[in-house]
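So the structure is just underneath, and the comments pick up after that.
Just so we're clear, the structure is a prediction, and the values are computed from it rather than from any experiment.
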Amino acid sequence: MRIVAIQRNHNVVGLGWSDTERLVVVNDDGTIQIFSVRGEPLYTHSLPQNIRETGVKEMKMSPGGAGLVVLSRGNQFCSVASLEPGNFKPRNLTRIQDLAGPITAWTVLLNGRSTEVVAAYNDSVYIIGADGIGDPLAGLDTATAGFTNMAVSANGKYIALVTHAGSIWVVSADFKENRIQFDLNSPVPPHQLIWCGSDSVVAYWSVRGSDVIVVVGPRGNSINYTCTSRAHLAAELDGLRIITREKHEFLQAVPLCTQRIFTLSTSSPGANLYEARLRFDNHDPLADDLMREITENAEQPQALAAAIADCIEAAGHEWTPALQRNLLKAARFGMDFAEMSPSEFVGMCQTLRVLYHVHDYQIAIPLTSAQLRNLTKEVLIDRLIGRGLFWLAHEICQYLKLENSTAKNRVLVHWARNLIEHADNDDEAAQAIIDKLGDTKGISYAEIAQAALRRKDLAIQLLDREPRASQQVPLLLEMQEDVLALTKAIQSGDTDLVLMVVLHLRDKLASSSAFFRMISGHPTARDLFIKSCTPRELESFYKQQDFRAELGSFYVRQAYDTDSIEERLDSLRQAANQFTGKENAFQAQMTEEQIKLMSLQREIERQSHKKFVGLSIRDTIYQCVSLGEPGMGTADRIKKDFKVSDKIFWWAKVQALGATRNFAELERFAKLKKSPIGYAPFVDECIALKNRSEAAKYIPRLSVEQRVPYYLKIGDLEAANEAAVASKSEELIAMVRQSAGSGMRGDYDRSSRA
């Protein structure tokens with residue numbers, strides 16, 4: 001038992017349990033309090049302003065328990081689909097207009113994934129959903145005098161309504177089918193109208209010390225019960241709970257399998273199998289006759305299988321262990337005469353053993369087998385965890401062979417978190433957890449450490465056991481253990497994780513110098529920062545760490561990120577100032593030369609009004625020569641100042657003179673001195689410009705072997721023949737002979753022989 005402390009000065013208008021077994025308390029001021037099953041306050045929500053202004057009149061949980069619907073005193077419905085903190089989004093439903101009084105009855109049903117409200121006012125019924133308001137009674141042949149109570153069946157297919165005249169009316173959820181009408185013979189509306197499963201409707205009155213329950217069946221028949229004290233009814237998917245001061249009872253329709261076995265004078269296969277087992281235990285030979293009647297039944301060839309299934313299912317519906325045992329023995333007895341899988345039998349044995357333990361008054365979870373099947377064993381484990389029953393949850397996991405499942409790991413993690421909350425000594429708590437969990441596969445030590453964030457030493461000890469750095473590092477950062485977080489991230493080899501820590505530290509540390517000092521000792525972190533930071537941050541980092549060569553390279557890159565010549569020159573001058581020392585002598589020289597070249601190019605641009613800045617030295621010479629006489633001296637100056645080799649200079653000048661068709665200057669240049677690149681480039685330029693006469697001037701300066709191909713290129717066969725004969729090369733003579741026409745070939749042959 002737990003005592004829950006709710007908000008004072010407010011009236012509670014509704015209590016309920018969510019699908020995760022959390023207590024939901026709704027106050028008239030529009031606040032919603034959520035408590036754990038142990039009475040611990042978890043969080044609080046607030047409904048919209050219009051609901052808070054008028055106040056909450058009623059609250060009802062949605063089918064399934066995931067959300068709720070409230071009705072304000074102003075007849076406004078508000079739906080909440082989820083009570084979880086991150087998903088709490090209250091939504092006002094369409095308001096029913098022109099109501100002269102309060103809504104008299106309402107209930108909540110699910111239509112697919114959307115929540116709908118069925119509301120009654122006088123003799124009108126409205127369905128309020130996502131598409132607006134509908135009037136389901138339109139066209140339905142019935143006479144009503146208003147409604148006082150409503151309830152939806154467990155399967156959501158039917159709605160029961162109590163009229164002012166004192167009768168129960170059961171219709172389909174869409175109000176298209178009228179199922180039954182039953183006269184309650186009471187002018188007083190029932191205190192509760194509720195379903196027993198999905199086939200019976202229950203009405204409860206507590207008037208003047210008389211507590212009466214009326215159960216109305218699917219065929220309009222009824223049974224009356226009298227309670228010894230005030231009762232509260234709670235609907236289940238397969239029955240109804242009746243809770244009074246003295247006891248807790250469960251009411252349900254007798255299952256068909258149980259009827260087939262235990263109805264008096266029945267001779268069903270299930271009844272015969274159950275009786276056969278009892279007689280077999282008493283060594284009664286009639287057991288054999290009963291088994292023959294089952295196995296040799298020509299009208300029912302599957303009678304034995306049906307009998308076994310009935311006994312297994314009936315065992316799940318019983319609460320008495322002795323009767324459960326007898327039914328299972330009967331099923332096992334029948335399985336000796338049939339070839340069938342034992343999975344259903346084994347599954348029921350496991351289910352009943354689990355239910356036996358959770359039915360204990362100290363555990364107090366009175367589930368039925370149908371409820372457990374709908375709930376699933378994994379959810380039952382969660383509910384045991386929520387109650388702090390870790391030992392039982394762990395034993396059930398082991399019994400059901402869930403050792404490596406998430407269910408068992410969840411038990412161990414929650415046990416460890418609970419131990420942390422109640423432990424006095426950090427070292428003892430850490431050792432106890434590590435001894436118990438060890439290296440269990442799937443265990444998240446980070447999840448456990450989350451509960452120990454305020455106890456840093458304990459959290460760090462637990463995080464040391466966490467194999468996933470991606471889980472370790474965020475928690476270490478949350479605990480302000482920045483250096484340790486950075487170390488763990490680097491050790492993991494995960495560059496994304498290292499970068500995440502680096503960026504976190506950059507944003508956290510107000511002083512950039514403190515941040516730079518921290519990452520400078522970790523090359524991996526430093527390199528990732530350099531790749532990801534902004535140019536301004538990188539410049540600041542290099543300056544702070546006195547990385548002069550790196551800072552110089554940074555300024556060089558920066559110089560070519562701008563189109564402004566002045567800014568580029570300024571950046572290059574800054575770079576040159578950083579390249580100091582013998583180890584940076586080459587970089588310093590190259591930078592100075594680039595500054596000198598750019599300054600010269602800028603001067604040439606001003607004079608020629610052509611683009612020069614950005615060109616290489618070779619291209620600058622080419623462009624200067626292309627300017628003609630004014631640029632020749634500049635080209636010679638560049639050659640001298642930048643120590644350009646003769647070959648590069650001659651190539652550039654020959655190509656530029658050729659491109660500008662300055663053949664006179666080209667000839668003069670060829671005569672200046674012996675060409676370091678030979679004279680083939682001169683010939684090539686002239687041939688490219690289709691000037692054969694100019695090309696012929698330079699061919700005699702070529703070697704004997706080069707002359708023949710070039711004479712052939714300009715079409716001078718006679719000169720080619722003479723050069724070939726002079727070379728006495730059979731190959732060159734053959735080349736000329738092949739190039740000559742057939743009419744001339746004899747003359748060339750005679751010349752070659754001469």
Side-chain angles (χ1 to χ4, degrees), residues 601 604-605 607-612 615-640 644-729 731-745 747-748 751-752:
Q601 289 172 335
I604 299 171
E605 277 189 358
Q607 296 174 359
S608 65
H609 305 292
K610 291 187 177 182
K611 178 69 175 175
F612 273 83
L615 298 178
S616 65
I617 292 178
R618 188 261 180 209
D619 290 342
T620 303
I621 293 173
Y622 179 94
Q623 292 297 337
C624 286
V625 174
S626 299
L627 293 175
E629 187 62 31
M632 296 296 182
T634 305
D636 293 336
R637 175 185 166 192
I638 294 173
K639 177 182 183 303
K640 179 181 177 182
V644 179
S645 69
D646 286 345
K647 286 187 176 182
I648 293 176
F649 181 78
W650 276 65
W651 267 108
K653 190 167 183 177
V654 168
Q655 289 175 345
L657 291 172
T660 56
R661 305 182 72 86
N662 193 345
F663 296 113
E665 181 63 27
L666 182 64
E667 185 177 1
R668 188 195 67 78
F669 183 55
K671 295 177 180 179
L672 186 64
K673 67 176 184 178
K674 185 178 180 180
S675 171
I677 60 173
Y679 293 93
F682 290 79
V683 181
D684 288 333
E685 288 297 322
C686 294
I687 291 175
L689 296 169
K690 299 180 180 179
N691 194 329
R692 298 180 179 182
S693 60
E694 287 293 329
K697 295 177 181 180
Y698 305 103
I699 294 177
R701 297 190 180 194
L702 301 176
S703 65
V704 177
E705 291 77 9
Q706 290 179 305
R707 293 174 192 171
V708 173
Y710 277 110
Y711 276 130
L712 291 175
K713 284 184 180 180
I714 65 173
D716 192 344
L717 292 174
E718 185 175 350
N721 184 58
E722 292 176 359
V725 171
S727 69
K728 298 181 181 180
S729 169
E731 182 180 351
L732 292 176
I733 292 172
M735 182 187 301
V736 174
R737 184 184 303 131
Q738 186 175 1
S739 299
S742 58
M744 302 281 294
R745 186 170 298 172
D747 296 335
Y748 282 109
S751 297
S752 62

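- Here the straight-line distance linking atom CD1 of I648 with atom CD1 of I621 works out to 8.0 Å at 0.5 Å rounding.
- L702 and A680 get closest at one heavy-atom pair: CD2-N, 3.4 Å.
- In terms of heavy atoms, F649 sits closest to V644 at N-CG1, 4.1 Å.
- Q655 meets the side-chain hydrogen bond (donor to acceptor under 3.5 Å, both in side chains) test with R618; sequence neighbours excluded.
- Partners of K673 according to the side chain to side chain contact (heavy atoms under 4.5 Å, CB included) rule, which considers only residues two or more places apart in sequence or in another chain, are D646, W650.
- Summarising the geometry of S693 relative to N691, their closest heavy-atom pair is OG-OD1, 2.9 Å, with the distance given to 0.1 Å.
- Side-chain contact between K653 and E665 is present, with at least one heavy-atom pair separated by less than 4.5 Å.
- Closest heavy-atom contact between I638 and C624: CD1-SG, 4.1 Å.
- Two residues are said to be in side-chain contact when any heavy atoms from C-beta on lie closer than 4.5 Å; L657 and E685 fail this criterion.
- Contact check for M632 versus V625: side-chain heavy atoms found under the 4.5 Å cut-off.
- More than 12 heavy-atom neighbours from other residues, nucleotides or ligands sit within 6.0 angstrom of NZ on K611.
- Taking NZ from K640 and CZ from R637, the interatomic distance works out to 10.5 Å, rounded to the nearest 0.5 Å.
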